[in-house]
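Supplied in structure tokens, the structure appears directly below.
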Amino acid sequence: MKDLYDVIVVGGGHAGIEACLASSRMGCKTLLVTMDLAKIGYMSCNPAIGGIGKGQLVKEIDALGGEMAKATDACGIQFRILNRSKGPAVWSSRAQVDRALYAAYMKNILKKTRGLDVVEGRVTGLIVKNRIASGVRLIDGSGIKARSVILTPGTFLNGTIHIGLSHFPGGRLGDPPSVRLSQDLRTLGFEVLRLKTGTTARLDPKTVDLSVMKKQSGDIPPVPFSFSTEKIERRQVACYITYTNKRTHEIIRNSLDRSPLYTGKIKSTGVRYCPSIEDKVVRFADRERHQIFLEPEGLVPDQYYPNGISTSLPVDVQLEMIRSIKGLESSEIKVPGYGIEYDFVNPMQLRPSLETRSIRCLYHAGQINGTTGYEEAAAQGFIAGVNAASRIKKREPFILDRSQAYIGVLIDDLVTKGTNEPYRMFTSRVEYRLLLREDNADLRLAEKGYKLGIVKRRDYDKVVSKKKRIERGLERIVRKKIYPTVKTNNRLKEWHVSPINNVMSLSDLLKRPQVKFYIVKRLDEGLGRLGDEEIKQIEMEVKYKGFIERERREVENFKRIESIRIPDKMKFDKIPGLSKEIVEKLSAAGPLNLGQVSRISGVTPVAVSILMIYLKKWRGMQHCARN
């Protein structure tokens, strides 16, 4: 415990796991400190990974060398690609996982990782000298030294649990909160704010009647999350769908006087996109029913998670409400639903590397930054772990911008705009989502992960080979011509494709909506060596060529404004024409470039233009001064 570590990670949730794995895989001596060794990788909410916008994050973590996708493939019990009826820009993977297997997998990975120690302990504060983090203090009064510290406390930071009108301290039901760490952050000058989230009751499977519900199976065959997983071997299971009804809503309305949300006990802002059932009933009073997904928590479930009825109502009301739902009439609650309020730190006090602006060598990741979700936490944890290690190795910070990854959008939103509600990733937040599809995350990011030293050589070589096969395939179908002969048109007719009247490349043929790649392959046997993943990339590049080229031009414009750097410690109050309000916003945000300025809430286009003109003049003066 007296040893000096390169990196200390506080918290064994999804952010903490990716953070300590990233730093240790980059060769840094790392320590993970967690309250409860038994709950490393525990899923406090629903037993699922991915979803709309979230699946992309998991794929990107995987492409960079993270672990979440591999763990999901090893423990997944149902896989589905969402938004199939829409374009590939918004396709998103989601998987149900066996909760116990997932936690066991992550514990095993941590145990096997070289250069990583894991200890059970409660961190009560930071050791800070000259505004530099140099370790942590534990509840027993001892300290552990480190060159950098990453905080990933989840909802434990001064957490308060609400069930009905009762409330008590807790970071999760059954676990104590971290109160003194929150106080220490305030003392150090951080702006500590408050948010709210919640979860649903867990039900005894023996008391649930699945026969009257709609069965929802996964995709066959299941599509893995990780680019390194060839096939999902584990047996798959179904989820089930049921609905609330008028009686359910009546029970809830009659109990609002016992709801902490509607009696003012809970004052913090909750997750807008995942409201409690109380909120749904009040806000959408015209709706006669709300959908519930009954999700198994394992292959042989010991609990069912009724996704869609998150609540902080009293336990007796929860039971009455649940028993009013079709298929749940005899249900017994194993764990009640609850709401939880917790502290977070204004993420505008962070740099894009997730290092805090006011204290060097201190990084924040996960719900401490105002986000919600396992995937958002894991993405931040990975970036924080990489940058803590990069600082120790005297490398430049590793920063992904909005044109490179969903992770870049996530972090840029947090550090430039902040948040006043739990932040959740969606495809709609991403400007270049046709370029940043989840299926091409490896092609976009594996090289970066390899250069960091996290992606293994064999995995990187596979991506390089895949990229070359795609390029050769694209070149081949552009070169290969087909002619409007009787034989060719007869073959096209057999495949229900309109005949051709002129010489055409296979690429132009593939642009037709009804033409799939298998038809192109039958017209050119040389394409037969391409695998399914290469075919998918070629087909998308060809069919969406116009849209993709337009986005690439937009990215070029984006890069131009992002390249206009803002000098460190610029005095914005010295710039003529900027209002006092704009100066305050810019000074608080500390933007690195003009692109970030344009995304700060409340900064007008006129202010951006004024700053651009000023920077050009400033650079001219600097150039003259040097000469």
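Source: prediction; values computed, not measured. Count residues from 1 along the sequence.
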For a side-chain contact (heavy atoms from CB on, under 4.5 Å) check, start with the C-alpha distance between Tyr374 and Cys45, then their side-chain angles and the critical distance, and finish with the verdict. CA-CA 9 Å; Tyr374 309 144; Cys45 200; 3.5 Å; yes
**Prompt:** With no hydrogens and no angle check, is any side-chain donor or acceptor of Arg137 less than 3.5 Å from a backbone partner on Leu126?
**Reply:**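 Checking the backbone N and O of Leu126 against the side chain of Arg137, a donor-acceptor pair under 3.5 Å is found.
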For residues 369-381, which residue pairs qualify under salt bridge (Lys or Arg N to Asp or Glu O under 4.0 Å), counting only residues two or more places apart or in two chains?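 Qualifying pairs: Lys54-Glu375, Lys54-Glu376.
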- Could you verify whether a donor N or O on one side chain and an acceptor N or O on the other, from Asn158 and Ser182, lie under 3.5 Å apart?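 No, Ser182 and Asn158 have no side-chain donor paired with an acceptor closer than 3.5 Å.
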Exercise for review: Examine distances only and state if a side-chain atom of Ser563 and a backbone atom of Arg560 form a donor-acceptor pair shorter than 3.5 Å.
Suggested key: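 Checked: pair present.
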Nearest 0.5 angstrom please: Glu67 CD to Thr72 OG1, how far?
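Separation between the atoms: 9.5 Å.
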*asked:* Check whether Arg122 reaches the backbone of Pro177 with its side chain - one donor and one acceptor, N or O, closer than 3.5 Å.
replied: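 At least one qualifying donor-acceptor pair exists.
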Open item on the list: Go through it in stages, so that I can follow the logic: the residues are Ile340 and Ile161, the test is side-chain contact (heavy atoms from CB on, under 4.5 Å), and I'd like the CA-CA distance, side-chain angles, deciding distance and then a yes or no.
Closed with: CA-CA 4 Å; Ile340 181 167; Ile161 290 173; 4.1 Å; yes
- Task: Evaluate the ring planes of Tyr102 and His14, with Trp represented by its six-membered ring, and classify them as parallel (under 30°), tilted (30 to 60°) or perpendicular (over 60°).
- Result: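 Geometry flag for His14 against Tyr102: tilted rings.
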- Query: Of Leu181, Leu151, Thr152, which meets side chain to side chain contact (heavy atoms under 4.5 Å, CB included) against Ile368?
  - Reply: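 Between Ile368 and the candidates, side chain to side chain contact (heavy atoms under 4.5 Å, CB included) is satisfied uniquely by Leu151.
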Query raised in the report: Any donor and acceptor pair, going by atom type alone, linking the side chain of Asn387 with main-chain N or O of Ser390 inside 3.5 Å?
Result: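 No.
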Notebook entry, point to check: Within 45 degrees of the axis of the six-membered ring of Tyr363 and under 6.0 Å from its centre: does Arg391 put its NZ or CZ there?
Noted result: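 No, Arg391 does not lie over the aromatic ring of Tyr363.
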Side-chain heavy-atom pair Ile575, Leu586 within 4.5 angstrom cut-off =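 In short, these two side chains do not touch, never coming nearer than 4.5 Å.
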